[in-house]
Amino acid sequence: MAALRIVITGEPVLHRRAAEVVEIDDEVRTLVADMVETMQAAPGVGLAAPQVGVDARVFVFDYTDSDDVQWRGVAINPELLVSPPPVGEPDVDLDAEGCLSVPCERFALSRSDRALLRATNLEGEHFEIDAHGWLARIFQHEFDHLEGVLYVDRLQHPHSKAAAKAIRKRSWGSPGQSWMPGEDDLEG
Ligand code: ZN
């Protein structure tokens, strides 16, 4: 197992629909193990394959909710059924979302409070999770990655403008940029 470099917004693989996984073979098992290590090193609560430069419909997640329940796993070829998002402005604190491909930045985005995930695990078994709250947000965020959508693409004024400015300021938004969890210090 090895942590992988995380690609930054502007890398084409982040901005197009990822390919279905045809067979769960050793290559997929290694990818998932490396993604878990990368997510832990980052650290993050979710990571999608395009974020490590791989064109595949796979994401991993590891999140402990307020009831101390740990939700961890891998979703291969997922489907996501999402309830309608709330209306009105997002809360600047409660709805502040981040992404390892737009590192060190957070912007407020309204998300649905409920999402039903249907996917396949590494053993090839189908599973379903009826997610609420932040877990539902994680699933929406990671599923979006597989559709080529970043959360910054979904922001509304004035957060969209602030995000565009931050991305410009850090000279992101063009291909070829990445960072190494556990090694690169991106703060500031
Ligand atoms: Zn992300």
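Every number for a ligand or one of its atoms is a count from 1 in the order of the listing.
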Discussion item. Is it true that Trp71 and Asp62 share a donor-acceptor pair across their side chains at a distance under 3.5 Å?
Written reply: no

Discussion item. So Phe107 and Glu105, do their side chains get closer than 4.5 Å, heavy atoms only?
Written reply: yes

For residues 19-27, tabulate all N or O donor-acceptor pairs below 3.5 Å that involve a side-chain atom, not counting sequence neighbours.
{"residue": "Asp25", "atom": "OD1", "partner": "Glu27", "partner atom": "N", "Å": "3.3"}
{"residue": "Asp25", "atom": "OD1", "partner": "Val28", "partner atom": "N", "Å": "3.1"}
{"residue": "Asp26", "atom": "OD1", "partner": "Arg29", "partner atom": "NE", "Å": "3.3"}
{"residue": "Asp26", "atom": "OD1", "partner": "Arg29", "partner atom": "NH2", "Å": "3.0"}

Fill in: Partners passing side-chain contact (heavy atoms from CB on, under 4.5 Å) against Thr9 (at least two apart in sequence or in another chain)
His15, Val102, Leu150, Ile167, Trp172

Practice prompt. Check the Zn ion (ligand 1) and write out every protein N, O or S atom at under 2.8 Å, as residue and atom.
Written response: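 Short answer, with waters excluded from the count: Cys99 SG, His141 NE2, His145 NE2.
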
Worksheet item: By the rule that ILVMFWY residues connect when side-chain heavy atoms come within less than 4.5 angstrom, directly or transitively, which residues belong alongside Leu81?
Response: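 Noted: Leu81 shares its cluster with Leu116.
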
Worksheet item: Backbone N or O of Ser112 within a donor-acceptor pair of the Gln140 side chain at under 3.5 Å?
Response: yes

